[in-house]
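Just so it is clear, the model here is predicted, and its values are computed rather than measured. Throughout, a chain's letter reflects where its sequence line sits, starting with A, and its residues are numbered from 1. Just the heavy atoms: all of them, side chains too, but no hydrogens, waters or symmetry mates, feed the values below.
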Amino acid sequence: MSTAEFIRQHPRSHRCNDLTKAELGRQVVLYGWVHGLRDHGGRRFVDLRDRDGLTQIVFKPEVDRELHEQAQKLRSEWVIGVAGAVQDRIANGGSPNPKLRSGEIEVEAQALEIFNQADTPPFLIEDNIDTAEEKRLQYRYLDLRRPAVARRFLVRHRVNQVVRRYFDDNGFLEIETPFMVKYTPGGARNFLVPSRLNPGCFYALAESPQIFKQLFMMAGFDRYFQIVRCFRDEDLRLDRQPEFTQIDVEMSFINEEEIQGAIEGLLAALWREILGVELARPFVRLAYDDAMTRYGSDKPDLRFDLELCDLTDEVRQHGGGGVALLEDVAKGEGVCKCLRLPAAYALSRTEADKLEGFVRGMGAHGLARVKVDKGGAWTQTQMAKSISEALRLAINRKAGAQDGDFLFFQFGEPKLAAMVLGRLRLHFGEKYHLIKPGDWRFAWIVDFPLFERDEKGQWVAAHHAFTSPRPDHVDKLKSAPQDCRARAYDIVLNGVELGGGSIRIHDTAVQAKVFDALGISGEQAEAKFGFLLRALRFGAPPHGGIALGMDRLVMLLTDAESLRDVVAFPKTQKGTCLMTDAPTRIGDELLTDLFIRSAAPH
RNA sequence: GGGGUGGUAGUUAAGUUGGUUAUAACGCCGGCCUGUCACGCCGGAGGCCGCGGGUUCAAGUCCCGUCCACCCCGCCA
């Protein structure tokens, strides 16, 4: 029988996970891949797999001798169709398999069609394999067959559907924005697309729909969302791909609370429908400064304590306490921060020494530490000997140091000191298993600075140039930019930044003041964002929005270790696709058509 | 651009101070097996030790370079 004939005579009736005792006695047709084979001579078992699950097929010589013979030829990953009867495993003299949804039944084969044979796959199509990711990416279509991997994409699909239904129910319009947009310098690097029709000109691939979604508000669309691909030509990380998906949202006539409420509603719907978990709302709000001070991060993992403390004041009051390392802090340069590891978490001296290398890898100059002894004395390092008693006692008091605790210190540049201890905190959280599974700690990080200094000391927008300052800070834009706070917010979950957004500037006068504070001239602003500024003058509603990292969301919902696990065809750290070999060199003839000459070394 | 980890049968790993024929498990191939589901038993095949150079009587092992993958910093509003 030909494939076409078999499919015509035996159209698929079920998927592998559909069959349970409810279908006993039914004639069914299943299509799928040979997942496993067990040959007992007189009984041949095949585990048939499709995207949903497994069903056991049994071939019996007394039912059809020829079919039973044919089954001997089957091999892993062959593609077959089977028609037969659903039977009770126990009644057939077997035993149920509690690991399978279909584990109480099996299908007694009465017709078999081999649609395709298969080479032996380079790795097993099973959940718990230990194969290098390199190999898995090279044969991604095989990796995607593995049930644990496939499951993540079924969840990803569910997320898409829940998001669409939620926003539709709440009056949001889903409208696409262009991928090929005008290049604007600053921010993330853009991928460029040459314009054949406009020699020497390039489009940029949109790093986000930011400006377009604001223009939707000016168009009066009021509430917008989009599940949209974004492109950034930056270095990759565990949680960063050059193309990624955002759930992009913008609303008019609202404030921070309304946007945050809408997103909390969305996340609650997702957690309810995907995980069956009811989230407590509203989420915690945490000021940026508090997050940095207490957790050393603007995306703190709130599932465990081990908070940092700031010792800058103590060090200054005691003039550095005779510790050479603290002299700069005492003179007013930089900060002194401390992480206390309670005695309950056993850390050997060797392990403590090794942490030095761990923090140096993050750019720290070193890791000063002491061990607290009885009565608040310090031991183990030079700093323990040289410090004045007064400062030592002051630090013990501030840090709450007890006998047997370790204290780890960072001095100097505030952000680096916070980051290093923040990462050390995460390291301890992991090392001592302080995180319990199934704990979802959402938080809104608020009161962000409006500006930050770039490497040249220039003030730049911390979020982006259209972020609204707090109304009471507009007067300080020029005089005290470091004190200006933005109407911006990040949503953080378990130490992962899920997304961020802001209330935008809708007032041309305020926008001009922000540009002025950023040192952007009227002409520069006009050249870069002229169309947006013009739109502001034609009746812009108060508006604001947010974008959520959709891939990261799925990563958290599926407990994936990497963003690559939830992207169907991800790129490697060098931005290549191991399956297709993209990107490739392009010949001169083709480049000539695009008016491009490559300067790459050959 | 910088720091780190790794690369040995199809896969995952072991491989001592440089030494004779490079091991194992799983997978694969052949045979047996009527209730398995990580089936079991018997037998077998399978290697450019990432690539290039160097040291040496001798290199999977030591040295230099390079490529690839991963983690981190910078970068990413």
Checklist entry - Contact class for A/Ser562 vs. all strands (heavy atom < 4.0 Å): base, sugar-phosphate, or nothing? => result nothing

Checklist entry - Shortest non-hydrogen contact from A/Leu54 to A/Asn17? => result N-OD1, 4.2 Å

Item to check | Any A/Thr576 side-chain N or O less than 4.0 Å from OP1/OP2 of B/A69 | outcome: yes

Next on the checklist: Tell me whether A/His40 and B/C39 count as stacked here, given that the ring centres must be under 5.5 Å apart and the planes must differ by less than 30 degrees.
Outcome noted: yes

Next on the checklist: Ring-plane angle category for A/Tyr139 and A/Tyr141, please: parallel below 30°, perpendicular beyond 60°, tilted otherwise.
Outcome noted: perpendicular

Checklist outcome for this item: Under a 3.5 Å limit on both distances, the Watson-Crick or wobble mate of B/U16 is none

Checklist entry - Given the P atoms of B/C37 and B/G52, what is the spacing between them in whole Å? => result 46 Å

Next on the checklist: Tell me whether the side-chain N/O atoms of A/Gln210 come closer than 4.0 Å to OP1 or OP2 in B/A77.
Outcome noted: no

Next on the checklist: Using whole Å, what does the distance between atom C1' of nucleotide B/U11 and atom CG of A/Asp127 come to?
Outcome noted: 16 Å

Checklist entry - Reckon A/Phe45 touches a base, only the sugar-phosphate, or nothing at all at heavy-atom distances under 4.0 Å? => result base

Checklist entry - Looking for any heavy atom pair under 4.0 Å, which part of the strands does A/Glu133 touch: base, sugar-phosphate only, or nothing? => result sugar-phosphate

Checklist entry - Do any side-chain nitrogens or oxygens of A/Thr572 fall under 4.0 Å of OP1 or OP2 in B/A69? => result yes

Checklist entry - Looking across every strand, which nucleic acid part, if any, lies under 4.0 Å from A/Asp130 by heavy atom: base, sugar-phosphate, or nothing? => result sugar-phosphate

Next on the checklist: Would the base of B/G35 count as contacting A/Glu106 through its side chain, where contact means a donor and an acceptor less than 3.5 Å apart?
Outcome noted: yes

Next on the checklist: Just to be sure I understand the rule, does A/Pro96 reach a base, reach only the sugar-phosphate, or reach nothing, if contact means heavy atoms closer than 4.0 Å?
Outcome noted: base

Checklist entry - On a whole-Å scale, what distance lies between the C1' atoms belonging to B/C33 and B/C42? => result 11 Å

Item to check | Check against side-chain hydrogen bond (donor to acceptor under 3.5 Å, both in side chains), A/Gln210 and A/His464 | outcome: CA-CA 10 Å; A/Gln210 182 61 40; A/His464 58 58; 3.3 Å; yes

Checklist entry - Taking atom types as they are modelled, is there a donor-acceptor pair under 3.5 Å from the base of B/C29 to the side chain of A/Arg75? => result no

Checklist entry - Given the C1' atoms of B/U23 and B/G2, what is the spacing between them in whole Å? => result 39 Å

Checklist entry - Reckon A/Lys60 touches a base, only the sugar-phosphate, or nothing at all at heavy-atom distances under 4.0 Å? => result base

Next on the checklist: On RNA chain B, compare the nucleotides closest to A/Leu100 and A/Pro122; which residue's is nearer the 5' end?
Outcome noted: A/Pro122

Next on the checklist: Should the side chain of A/Ser95 and the base of B/C37 be counted as holding a donor-acceptor pair, with the cut-off at 3.5 Å?
Outcome noted: yes

Checklist entry - Across the strands shown, which category fits A/Arg136 at heavy-atom distances under 4.0 angstrom: base, sugar-phosphate, nothing? => result nothing

Checklist entry - When only distance counts, do a donor and an acceptor, one from the side chain of A/Arg232 and one from the base of B/C76, lie under 3.5 Å apart? => result no

Next on the checklist: Please confirm whether the shortest side-chain N or O distance from A/Lys574 to OP1 or OP2 of B/A69 is below 4.0 Å.
Outcome noted: no

Next on the checklist: At less than 3.5 Å, do the side-chain atoms of A/Arg237 and the base atoms of B/C70 form a donor-acceptor pair?
Outcome noted: no

Next on the checklist: For the C1' atoms, the ones on B/G60 and on B/G6, what distance do you get once it is rounded to whole angstrom?
Outcome noted: 15 Å

Checklist entry - Quantified in whole Å, what is the C1' atom distance between nucleotide B/C28 and nucleotide B/C71? => result 34 Å

Item to check | Nearest-angstrom distance, P atom, B/G15 to B/U55 | outcome: 28 Å

Next on the checklist: Tell me if the side-chain of A/Asp233 makes a donor-acceptor pair with the base of B/C76, cut-off 3.5 Å, by modelled atom types.
Outcome noted: no

Next on the checklist: What's A/Gly363 touching, base or sugar-phosphate or nothing? Going by heavy atoms closer than 4.0 Å.
Outcome noted: nothing

Checklist entry - Just checking A/Ser208: base, sugar-phosphate only, or nothing, at a heavy-atom cut-off of under 4.0 Å? => result nothing

Checklist entry - Is the A/Phe529 ring parallel, tilted or perpendicular to the A/Phe466 ring (thresholds 30°, 60°)? => result perpendicular

Item to check | Most 5' of A/Glu207 and A/Asn92 on RNA chain B, judged by nearest nucleotide | outcome: A/Asn92

Item to check | Pair of N/O donor and acceptor under 3.5 Å linking B/U34 base with A/Arg38 side chain | outcome: no

Item to check | Spacing of the C1' atoms in B/C29 and B/G46 (rounded, Å) | outcome: 10 Å

Item to check | Between B/G27 and B/G65 - C1' atom distance, rounded Å | outcome: 36 Å

